[in-house]
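Positions are given from 1, in the same order as the sequence printed here. Reckoned from all heavy atoms, side chains included, excluding hydrogens, waters and symmetry mates.
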Amino acid sequence: TSHNVSVDGLMARIARIIQVPIGQQLSFSFKDLELQGEAEVVWIEHDEHSTLLGLKYLHLERDFIPGVPRFVRDETVLSA
């Protein structure tokens with residue numbers, strides 16, 4: 001399940017203990033967020049029954065994520 005989503009990546013909780021190396025590239029799909037793509041594992045934590053992954057987006061197939069601000073680059077051109 002998704003745990004937290006930001007503009008740079010997401011945290012995902014897996015309901016079992018898994019071993020994933022830091023730097024591993026993973027595909028993901030969250031139907032409730034209509035979000036899918038590829039991410040890199042940047043950190044991993046375990047508790048007694050689950051694994052929490054910190055993931056950095058490598059490829060994202062959605063422009064808008066509810067609750068996450070969208071930043072737009074100012075395209076103003078200055079002339080001399």
Side-chain angles (χ1 to χ4, degrees):
T1 60
S2 62
H3 191 74
N4 190 359
V5 178
S6 76
V7 295
D8 293 322
L10 57 100
M11 288 190 295
R13 182 169 304 278
I14 310 298
R16 63 188 179 103
I17 302 297
I18 62 170
Q19 298 298 324
V20 180
I22 302 297
Q24 177 74 43
Q25 294 182 7
L26 306 172
S27 296
F28 64 87
S29 178
F30 294 102
K31 292 179 184 178
D32 58 330
L33 296 174
E34 297 179 19
L35 181 68
Q36 58 189 359
E38 295 178 355
E40 177 183 349
V41 176
V42 292
W43 56 265
I44 188 168
E45 292 181 4
H46 297 98
D47 64 16
E48 294 177 10
H49 306 286
S50 67
T51 303
L52 185 62
L53 301 173
L55 304 170
K56 178 178 78 172
Y57 299 128
L58 297 175
H59 174 72
L60 183 61
E61 293 184 20
R62 175 150 190 187
D63 286 339
F64 175 73
I65 302 172
V68 175
R70 185 171 184 195
F71 300 96
V72 179
R73 177 180 284 224
D74 184 5
E75 297 293 333
T76 304
V77 177
L78 301 176
S79 59

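- The CZ atom of Phe28 sits 8.5 Å away from the NE2 atom of His59 when rounded to the nearest 0.5 Å.
- Annotation: side chain of Gln19 is not in contact with side chain of Gln24 (no heavy-atom distance under 4.5 Å).
- Residues Ser50 and Ala15 share a closest heavy-atom pair of CB-CA, 4.2 Å.
- Using a 4.5 Å heavy-atom threshold, the side chains of Val20 and Ile14 count as separate.
- Looking at every heavy atom in both residues, Met11 comes nearest to Leu52 through CB-CD1, 4.2 Å.
- In plain terms, the two heavy atoms of Ile17 and Asp47 that are nearest each other are CD1-O, 3.2 Å.
- How far CG of Leu26 is from CD of Glu40: 9.5 Å, rounded to the nearest 0.5 Å.
- When side chains are defined from C-beta on, Leu55 does not count as touching Val42, because their heavy atoms never get closer than 4.5 Å.
- To the nearest 0.5 angstrom, Ile44 atom CD1 is 5.5 Å from Ile18 atom CD1.
- Here the NE2 atom belonging to His46 is positioned 10.5 Å from the CZ atom belonging to Arg16, to the nearest 0.5 angstrom.
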